[in-house]
Amino acid sequence: MNFGGVVENVVTRDEFPLEKARDVLKNETIAVIGYGVQGPGQSLNLRDNGFNVIVGQRKGGKTWDKAVADGWVPGETLFEIEEACEKATIVQYLLSDAAQIQVWPRIRPYLTSGKALYFSHGFGITYKERTNIIPPAGVDVILVAPKGSGTSLRRMFLQGRGLNSSFAIYQDATGRAWERVIALGIGVGSGYLFETTFKKEVYSDLTGERGTLMGAIQGLLLAQYEVLRDNGHSPSEAFNETVEELTQSLMPLFAENGMDWMYANCSTTAQRGALDWMIPFHDAAKPVFEKLYKEVAAGNEAQRSIDTNSKPDYREKLEEELNALRESEMWRAGAVVRKLRPENN
């Protein structure tokens, strides 16, 4: 498929329909290991699409109880991690990056010849010298990475839509890796699949999370909010002009029709200002993105994540940081604004 003059390898649901995916995987047992961020959405979509899927999770934890609440039956479709891996022909390794490192020694013995090891993030394989996640030679190693959270994947599936995903093959031991990965991508609810590599997936993912998806957007929103507040604007006005109009009005428009369409359909004053000011914002931000990408490529961001997430007080420190974000004036104002939306009254 041609994207702005660049040809990419893309697989659509018309080219590889669900019926074909079911046929490819008709003799497979898919074990989804982990029931945190991606596990629920992918496993439930696979189940609803008619695949033979089970869940492997540590018994007794909150996520085990969540899996039971979602209809997975202990001893039938819900098992301890090792038992699920033993039963599976495809192991979907969907634990967090830190948990993947910890649990890997328990997973490795069950990856016998002919099985497939599936990831939704290239982290563990790309940084294998740091994670020690080194798959055996006899298994397919594949990746489907939905471009959004597991919650979004499930929500869009229930709406009859699809969330676009990337796919990659790191190791084709059986000669069936391509059809397996595409069938799984269709099965989990992808809108279309575009080809990448494990390394490119993790480089783009880490850059995106720290950049426009989360880190940069929070920094940019906060900077504008603070300038408006410093100049006497109320919290409500500052939040509406910074966040609410962006997320509720403009984002849906340029998601549907593109930024050029949105520019063409706003006031002439807004058009002129946006066209002029996008240049200094670009020039200010690009060096930061270049530095960020270099940090990702050097493995420094991965190591920082591994080091931080392995500390015993990691979750307590994380909750402190998240609470500070939640309790900041901008997001406290946001909570009030959300309650005042018409659909909540």
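Computed over heavy atoms, backbone and side chain alike; hydrogens, waters and symmetry mates excluded. Numbering starts at 1 and runs along the sequence shown.
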Pair [X] + [Y]: basic N to acidic O under 4.0 Å:
X	Y	value
Lys20	Glu179	no
Lys66	Asp70	yes
Glu80	Lys59	no
Glu319	Arg326	yes
Arg341	Glu244	yes

Please determine whether the number of non-hydrogen atoms from other residues, nucleotides or ligands lying under 6.0 Å from atom [atom1] of [X] exceeds 12.
X	atom1	result
Lys199	NZ	no
Arg58	CZ	no
Phe281	CZ	no

I'd like to check the side chain to side chain donor-acceptor pair (under 3.5 Å) partners of Arg332; sequence neighbours left out, ordered by chain and number.
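Arg332: no side chain to side chain donor-acceptor pair (under 3.5 Å) contacts found.
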Go through the steps to decide whether Glu226 and Arg229 satisfy the test salt bridge (Lys or Arg N to Asp or Glu O under 4.0 Å), and finish with yes or no.
CA-CA 5 Å; Glu226 288 175 342; Arg229 291 287 289 124; over 6 Å; no
Audit row: Arg176, Glu28, salt bridge (Lys or Arg N to Asp or Glu O under 4.0 Å) steps and yes/no:
CA-CA 12 Å; Arg176 296 184 57 235; Glu28 305 265 22; 3.1 Å; yes
Could you check whether any side-chain N or O of Lys115 sits under 3.5 Å from a backbone N or O of Cys85, counting only pairs where one atom can act as donor and the other as acceptor?
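Side chain of Lys115 to backbone of Cys85: a pair is present.
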Say whether Phe16 and Val144 are linked into one hydrophobic cluster, either directly or through other cluster members, by side-chain heavy-atom distances under 4.5 angstrom.
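They do share one cluster, since a chain of ILVMFWY contacts under 4.5 Å joins Phe16 to Val144.
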Decide whether Leu163 and Phe119 are clustered together by the hydrophobic rule: side chain heavy atoms of Ile, Leu, Val, Met, Phe, Trp, Tyr closer than 4.5 Å, transitively.
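No, Leu163 does not connect to Phe119 through the hydrophobic network.
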Would Phe123 and Ile306 count as a side-chain contact (heavy atoms from CB on, under 4.5 Å) here? Give the steps.
CA-CA 10 Å; Phe123 190 100; Ile306 292 169; 3.9 Å; yes
Using the side-chain contact (heavy atoms from CB on, under 4.5 Å) rule, take Phe157 and Asp48 through it: C-alpha gap first, then chi angles, then the decisive distance, then the call.
CA-CA 10 Å; Phe157 176 86; Asp48 289 354; 3.8 Å; yes
Ser152 and Ser149: side-chain donor and acceptor closer than 3.5 Å?
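Yes, Ser149 and Ser152 have a side-chain donor paired with an acceptor closer than 3.5 Å.
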What do the steps show when you test Met330 against Gln218 for side-chain contact (heavy atoms from CB on, under 4.5 Å), and what is the final call?
CA-CA 10 Å; Met330 183 172 75; Gln218 166 62 14; 3.7 Å; yes
Determine, step by step, whether Val53 and Trp72 satisfy the side-chain contact (heavy atoms from CB on, under 4.5 Å) criterion, reporting the C-alpha distance in whole Å, the side-chain angles of both residues, the deciding distance to 0.1 Å, and the verdict.
CA-CA 10 Å; Val53 57; Trp72 302 101; 3.6 Å; yes
Quick one: sort the Phe239 and Trp331 rings into parallel, tilted or perpendicular, breaks at 30° and 60°.
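Correct class here is perpendicular.
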